[in-house]
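See structure below.
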Amino acid sequence: MPSNDVRSLLQTAVPTAVAGAIAAAVSAVVAGGEGALGAVVATLVVILFMGVGLVVLQRTAKSLPQLFQAMGLMLYTAQLLLLFIFVALFKDTTLFNPKAFAITLVATTLVWIAAQARAHMKAKILYVEPESSEAKKPGDSGSSS
(Lines give C-alpha, C1' and ligand atoms only; values in the text may rest on other atoms or scores of the structure.)
Protein backbone atom coordinates (compact mmCIF):
# COMPACT_ATOMS: atom_id res chain seq x y z
CA MET A 1 0.00 0.00 0.00
CA PRO A 2 1.54 3.35 -1.02
CA SER A 3 2.50 5.76 1.75
CA ASN A 4 -0.21 8.29 0.79
CA ASP A 5 -2.84 5.60 1.20
CA VAL A 6 -1.49 4.57 4.59
CA ARG A 7 -1.34 8.21 5.69
CA SER A 8 -4.94 8.76 4.60
CA LEU A 9 -6.05 5.61 6.41
CA LEU A 10 -4.24 6.65 9.60
CA GLN A 11 -5.64 10.18 9.43
CA THR A 12 -9.14 8.73 9.47
CA ALA A 13 -8.73 5.67 11.70
CA VAL A 14 -6.93 7.41 14.58
CA PRO A 15 -9.58 10.10 15.23
CA THR A 16 -12.26 7.41 14.94
CA ALA A 17 -10.48 5.24 17.50
CA VAL A 18 -10.13 8.23 19.85
CA ALA A 19 -13.84 9.01 19.49
CA GLY A 20 -14.58 5.34 20.16
CA ALA A 21 -12.45 5.37 23.30
CA ILE A 22 -14.29 8.45 24.55
CA ALA A 23 -17.62 6.79 23.72
CA ALA A 24 -16.53 3.64 25.58
CA ALA A 25 -15.64 5.68 28.67
CA VAL A 26 -18.96 7.55 28.59
CA SER A 27 -20.87 4.32 27.95
CA ALA A 28 -19.08 2.63 30.84
CA VAL A 29 -20.20 5.41 33.18
CA VAL A 30 -23.78 5.47 31.86
CA ALA A 31 -24.44 1.79 31.11
CA GLY A 32 -21.65 -0.11 32.84
CA GLY A 33 -19.51 -2.81 31.28
CA GLU A 34 -22.12 -3.78 28.69
CA GLY A 35 -22.21 -0.18 27.47
CA ALA A 36 -18.43 -0.03 27.19
CA LEU A 37 -18.38 -3.32 25.28
CA GLY A 38 -21.08 -2.06 22.92
CA ALA A 39 -19.08 1.10 22.23
CA VAL A 40 -15.90 -0.87 21.57
CA VAL A 41 -17.69 -3.27 19.20
CA ALA A 42 -19.28 -0.35 17.34
CA THR A 43 -15.91 1.39 16.99
CA LEU A 44 -14.27 -1.76 15.63
CA VAL A 45 -17.14 -2.29 13.17
CA VAL A 46 -16.86 1.26 11.85
CA ILE A 47 -13.07 1.12 11.50
CA LEU A 48 -13.29 -2.26 9.76
CA PHE A 49 -16.14 -1.38 7.36
CA MET A 50 -14.91 2.09 6.52
CA GLY A 51 -11.25 1.07 6.36
CA VAL A 52 -11.94 -1.74 3.89
CA GLY A 53 -14.07 0.66 1.86
CA LEU A 54 -11.32 3.28 1.77
CA VAL A 55 -8.74 0.75 0.61
CA VAL A 56 -11.06 -0.57 -2.11
CA LEU A 57 -11.86 2.95 -3.26
CA GLN A 58 -8.19 3.96 -3.41
CA ARG A 59 -7.29 0.90 -5.45
CA THR A 60 -10.19 1.54 -7.80
CA ALA A 61 -9.07 5.13 -8.26
CA LYS A 62 -5.62 3.96 -9.32
CA SER A 63 -6.64 1.10 -11.60
CA LEU A 64 -9.99 2.28 -13.01
CA PRO A 65 -10.23 6.06 -12.56
CA GLN A 66 -13.26 6.29 -14.86
CA LEU A 67 -15.27 4.21 -12.35
CA PHE A 68 -14.17 6.16 -9.26
CA GLN A 69 -17.31 8.22 -8.70
CA ALA A 70 -19.72 5.38 -9.37
CA MET A 71 -17.67 3.04 -7.21
CA GLY A 72 -17.64 5.59 -4.40
CA LEU A 73 -21.41 5.99 -4.46
CA MET A 74 -21.97 2.24 -4.60
CA LEU A 75 -19.43 1.62 -1.84
CA TYR A 76 -20.95 4.15 0.60
CA THR A 77 -24.43 2.82 -0.10
CA ALA A 78 -23.24 -0.73 0.54
CA GLN A 79 -21.50 0.35 3.75
CA LEU A 80 -24.63 2.01 5.08
CA LEU A 81 -26.74 -1.02 4.23
CA LEU A 82 -24.25 -3.34 5.94
CA LEU A 83 -24.25 -1.12 9.03
CA PHE A 84 -28.06 -1.16 9.13
CA ILE A 85 -28.05 -4.94 8.78
CA PHE A 86 -25.46 -5.24 11.54
CA VAL A 87 -27.56 -3.04 13.85
CA ALA A 88 -30.71 -5.01 13.03
CA LEU A 89 -29.00 -8.32 13.78
CA PHE A 90 -27.73 -7.17 17.17
CA LYS A 91 -30.64 -4.98 18.33
CA ASP A 92 -31.88 -7.57 20.85
CA THR A 93 -28.50 -8.87 22.00
CA THR A 94 -27.65 -9.33 25.66
CA LEU A 95 -23.91 -9.39 24.97
CA PHE A 96 -23.67 -5.58 25.02
CA ASN A 97 -25.86 -2.52 25.42
CA PRO A 98 -27.59 -1.93 22.05
CA LYS A 99 -28.20 1.78 22.68
CA ALA A 100 -24.53 2.44 23.46
CA PHE A 101 -23.65 0.39 20.39
CA ALA A 102 -25.99 2.31 18.08
CA ILE A 103 -25.04 5.77 19.38
CA THR A 104 -21.34 4.98 19.14
CA LEU A 105 -21.82 3.54 15.66
CA VAL A 106 -23.40 6.76 14.42
CA ALA A 107 -20.90 9.02 16.23
CA THR A 108 -17.79 7.17 15.04
CA THR A 109 -19.16 7.00 11.49
CA LEU A 110 -19.57 10.78 11.51
CA VAL A 111 -16.06 11.20 12.93
CA TRP A 112 -14.69 8.90 10.21
CA ILE A 113 -16.41 10.88 7.45
CA ALA A 114 -15.23 14.22 8.87
CA ALA A 115 -11.66 12.94 9.30
CA GLN A 116 -11.67 11.52 5.78
CA ALA A 117 -12.86 14.84 4.36
CA ARG A 118 -10.16 16.66 6.33
CA ALA A 119 -7.45 14.22 5.19
CA HIS A 120 -8.54 14.63 1.57
CA MET A 121 -8.53 18.42 1.84
CA LYS A 122 -5.01 18.42 3.31
CA ALA A 123 -3.59 15.86 0.86
CA LYS A 124 -1.48 17.15 -1.95
CA ILE A 125 -3.00 15.09 -4.75
CA LEU A 126 -1.77 15.67 -8.28
CA TYR A 127 -4.58 15.98 -10.77
CA VAL A 128 -2.21 15.51 -13.70
CA GLU A 129 0.21 12.59 -13.95
CA PRO A 130 3.66 14.09 -14.44
CA GLU A 131 5.80 12.50 -17.16
CA SER A 132 8.81 10.64 -15.92
CA SER A 133 12.24 11.78 -17.07
CA GLU A 134 12.76 8.41 -18.81
CA ALA A 135 9.64 8.88 -20.94
CA LYS A 136 11.16 11.84 -22.78
CA LYS A 137 14.16 11.16 -24.96
CA PRO A 138 16.98 13.69 -25.07
CA GLY A 139 16.37 16.10 -27.91
CA ASP A 140 12.68 15.18 -28.15
CA SER A 141 10.73 18.38 -28.61
CA GLY A 142 7.43 16.75 -27.88
CA SER A 143 6.03 17.11 -31.39
CA SER A 144 5.27 14.06 -33.49
CA SER A 145 6.03 15.55 -36.92
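Fair warning: this is a prediction, and the values are worked out from it, not measured in the lab.
- Looking at every heavy atom in both residues, Val111 comes nearest to Ala19 through CG2-CB, 3.8 Å.
- In terms of hydrophobic clustering, with Ile, Leu, Val, Met, Phe, Trp and Tyr side chains grouped at heavy-atom distances under 4.5 Å, Phe84 and Leu82 are assigned to different clusters.
- Ala42 meets the side-chain contact (heavy atoms from CB on, under 4.5 Å) test with Phe101, Thr104, Leu105; sequence neighbours excluded.
- Other residues, nucleotides and ligands place no more than 12 heavy atoms under 6.0 Å from the CD atom of Gln69.
- In this structure, the side chain of Gln79 engages the main chain of Phe49 through a donor-acceptor pair within 3.5 Å.
- Leu81 and Leu83 sit in two unconnected hydrophobic clusters of ILVMFWY residues. Membership requires side-chain heavy atoms under 4.5 Å apart, directly or through other members.
- With rounding to the nearest 0.5 Å, the separation of CZ in Phe68 from CG in Leu75 is 10.0 Å.
- Once rounded to the nearest 0.5 Å, the distance linking CD1 of Ile103 with CG of Asn97 reads 8.5 Å.
- Ser27 approaches Ala39 most closely through the heavy-atom pair OG-CB, 3.8 Å.
- Gln116 meets the side-chain contact (heavy atoms from CB on, under 4.5 Å) test with Thr12, Leu54, Tyr76, Trp112; sequence neighbours excluded.
- The structure places OG1 of Thr108 at 11.5 Å from CD1 of Ile22, a figure rounded to the nearest 0.5 Å.
- Residues Ser8 and Gln58 meet the side-chain proximity criterion, which asks for heavy atoms closer than 4.5 Å.
- Note: the hydrophobic cluster containing Leu89 also contains Val41 (ILVMFWY, side chain heavy atoms under 4.5 Å, direct or indirect links).
- In the hydrophobic cluster analysis, where Ile, Leu, Val, Met, Phe, Trp and Tyr join through side-chain heavy atoms closer than 4.5 angstrom, Leu80 is grouped apart from Ile85.
- Residues satisfying the side-chain contact (heavy atoms from CB on, under 4.5 Å) criterion with Val56, sequence neighbours excluded, are Val52, Thr60, Met71.
- Here the closest non-hydrogen pair linking Gly51 and Leu9 is CA-CD1, 4.0 Å.
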For this session: Walk me through it: do Met50 and Thr109 pass the test side chain to side chain contact (heavy atoms under 4.5 Å, CB included)?
Result: CA-CA 8 Å; Met50 298 298 201; Thr109 300; 3.5 Å; yes

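- There is a path of hydrophobic side-chain contacts, each under 4.5 Å, that joins Val87 to Phe96.
- Leu57 contributes atom CG, which lies 11.0 Å from atom CG of Leu67 (distance to the nearest 0.5 angstrom).
- Contact annotation: the side chain of Phe90 never approaches that of Leu95 to less than 4.5 Å [non-hydrogen atoms, C-beta and beyond].
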